[in-house]
**Q** 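Handing you a structure now.
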Amino acid sequence: VRGVHIVAGQARRAHATTVFIVRPDASYYYLTGQLRDPTPFDFPGISDLGRDDQDGVIRLLARGGVRFVCVSRPPRPGEYVVPTRPLRLEAYVRRVFTFQARLRICDLYRFPGNVPARHP
């Protein structure tokens, strides 16, 4: 729980109390850290992203519907990657959003300005 409070404090200092956390344990951080999820995806693994999968979430982000997103650091070469990890979604966030801060569990990114980002 102490780690969750550290993450929540880091998010608050970055003015990101409403943040889409792209981790399979995101719901725990929302509940325990009193953070808000701006999406319907409390468990953002590939199997839980709905009918449109990662592309649907990328379209939501591209429209500017989410201001802050926190994604895990990219996997290192040769590192095991869980098959349900939404790597395409994470790569989109890193490519289009603006890096804000390194939190204890993920890297925080902000939607770039007022102009919606385009889907590749």
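This is a predicted model, so every value here is computed, not measured.
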**Q** Write down the atom of Pro86, the atom of Val22, and the distance for their closest heavy-atom approach.
**A**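 Taking every non-hydrogen atom into account, CG-CG1, 3.6 Å.
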**Q** Should we count CZ of Arg36 as having more than 12 external heavy atoms under 6.0 Å?
**A**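 For Arg36, atom CZ is not crowded (no more than 12 foreign heavy atoms under 6.0 Å).
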**Q** Measure the spacing between CG of Leu108 and CZ of Arg102 and express it to the nearest 0.5 Å.
**A**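 The CZ atom of Arg102 is 11.5 Å from CG of Leu108, to the nearest 0.5 Å.
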**Q** Could you check if a side-chain atom of Val57 sits within less than 4.5 angstrom of a side-chain atom of Thr39, using non-hydrogen atoms only?
**A** no
**Q** Quick one: CZ on Arg85 to CZ on Arg23, what's the gap to the nearest 0.5 Å?
**A**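 Output value for this atom pair is 9.0 Å.
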**Q** Could you pull out all residues at least two apart from Gln100 that satisfy side-chain hydrogen bond (donor to acceptor under 3.5 Å, both in side chains)?
**A** none
**Q** Hey, can you pull the donor-acceptor pairs under 3.5 Å for the side chains in residues 69-77, sequence neighbours left out?
**A**
| residue | atom | partner | partner atom | Å |
| --- | --- | --- | --- | --- |
| Arg73 | NH2 | Leu103 | O | 2.8 |

**Q** Do you know which two heavy atoms are closest between Phe20 and Leu61, and how far apart they sit?
**A**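 In this case the closest contact between Phe20 and Leu61 is CD2-CD2, 4.4 Å.
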**Q** Looking only at non-hydrogen atoms, find the nearest pair between Phe97 and Val66 and report the distance.
**A** CE2-O, 3.8 Å
**Q** Are Tyr109 and Thr98 side-chain neighbours, meaning at least one heavy-atom pair lies under 4.5 Å?
**A** no
**Q** So does Arg94 pair up with Asp107, basic N to acidic O under 4.0 Å?
**A**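 Salt bridge flag = no for Asp107 with Arg94.
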**Q** Linking Ile, Leu, Val, Met, Phe, Trp and Tyr through side-chain heavy atoms less than 4.5 Å apart, which residues share a cluster with Leu31?
**A**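 Traced through the cluster, Leu31 reaches no other member.
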**Q** Could you give the distance from OH (Tyr92) to CD1 (Ile58), rounded to the nearest 0.5 Å?
**A** 7.0 Å
**Q** Taking all non-hydrogen atoms of both residues into account, name the closest pair between Arg88 and Asp55 and its distance.
**A**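 Where Arg88 meets Asp55 most closely, the heavy atoms are NH2-OD1, 3.3 Å.
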**Q** Could you state the interatomic distance from CD (Gln34) to OH (Tyr29), rounded to the nearest 0.5 Å?
**A**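 If we round to the nearest 0.5 Å, Gln34:CD and Tyr29:OH are 15.5 Å apart.
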**Q** Just verifying a value: how many Å separate Tyr28 OH and Ile21 CD1, rounded to the nearest 0.5 Å?
**A** 12.0 Å
**Q** Please report the interatomic distance OG1(Thr18) to CG(Asp37), rounded to the nearest 0.5 Å.
**A** 9.0 Å
